[in-house]
Amino acid sequence: MTVTAHPRYAAELRVTAERVPQIRRIVAAHLRHWRLAAEIPAACRGLVELLDHVRRHVGPDAVCVVEVRWSGRHLTVSVADRGPRMAPLDSAQGGGLAAVAALSDSWGTCPTDDGKVVWFTRSVGAARETPLTAPRPSHSVPDAKPGPDAEADVREQETPAPV
């Protein structure tokens, strides 16, 4: 997979008990590839809640579309299914959409022609593990010819100060 300006992963699948852990591992692999490993626990927990919602309220073999998008600032996870009914926000087990709301910065649902999409978004900008490209050191051009101590001055600027 090539990293583009806005990476995206989407898959259509039947939501079986065996398939939920598989799609969780696939999404986790994409997040690692996008250098968003710190987001894996929350994003995958929210995804599993959305998939469990489909299994409980649409059917154990229901077809859905999982989509994960990274905008560079926000990670959005969505699940589209053919069930028109929304589950209650609160769950006796502390899961469901209440858990999705607790794991995200925003979430929502949108009706479609043949069902609905449930999504959540997490702000990630500062949480990236490493930048996609390493910053290049800036070098200034001296105004005058360097003297005998110029090399020592350059070494001092390039060597980090002791902590």
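The first residue of the sequence shown is numbered 1, and numbering continues consecutively from there.
Residues passing the salt bridge (Lys or Arg N to Asp or Glu O under 4.0 Å) test with D114, sequence neighbours excluded: R82. Applying the salt bridge (Lys or Arg N to Asp or Glu O under 4.0 Å) test to R122 and every residue at least two apart in sequence or in another chain returns E39. Taking the side-chain hydrogen bond (donor to acceptor under 3.5 Å, both in side chains) definition, one finds that R14 meets it with nothing, sequence neighbours left out.
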Requested in this report: May I have the step-by-step check of side chain to side chain contact (heavy atoms under 4.5 Å, CB included) for C64 and L51, ending in yes or no?
Outcome: CA-CA 8 Å; C64 71; L51 294 173; 3.8 Å; yes
Requested in this report: Start with the C-alpha distance between V27 and C44, add both sets of side-chain angles, then the distance that settles side chain to side chain contact (heavy atoms under 4.5 Å, CB included), and finish with yes or no.
Outcome: CA-CA 7 Å; V27 167; C44 287; 4.3 Å; yes
Requested in this report: Might you work through the side chain to side chain contact (heavy atoms under 4.5 Å, CB included) test for W34 and V68, ending with a clear yes or no?
Outcome: CA-CA 11 Å; W34 298 340; V68 182; 3.8 Å; yes
**Report entry** Worked check of side chain to side chain donor-acceptor pair (under 3.5 Å) between D105 and T121
**Finding:** CA-CA 6 Å; D105 294 316; T121 300; over 6 Å; no
Query raised in the report: For V124 and W70, what are the C-alpha separation, side-chain angles and deciding distance, and is it a side chain to side chain contact (heavy atoms under 4.5 Å, CB included)?
Result: CA-CA 9 Å; V124 184; W70 166 239; 3.4 Å; yes
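The shortest distance between side-chain heavy atoms of V117 and T109 does not fall below 4.5 Å. When side chains are defined from C-beta on, L75 counts as touching L31, because their heavy atoms get closer than 4.5 Å. Between Y9 and I23, some side-chain heavy-atom pair lies under the 4.5 Å cut-off. With contacts defined as side-chain heavy-atom distances shorter than 4.5 Å, the pair D61/T16 qualifies. Proximity of V20 to R55: side-chain heavy atoms (C-beta onward) are separated by under 4.5 Å at one or more points.
Taking each heavy atom of A99 and R45 in turn, the nearest pair found is CB-NH2, 3.6 Å. The two residues G83 and V58 come nearest to each other via the heavy atoms CA-CG2, 3.7 Å. Nearest heavy-atom pair, F120 versus A43, reported as atom, atom and distance to 0.1 Å: CZ-O, 3.5 Å.
For the residue pair Q22/R19, the side-chain donor-acceptor check at 3.5 Å is satisfied.
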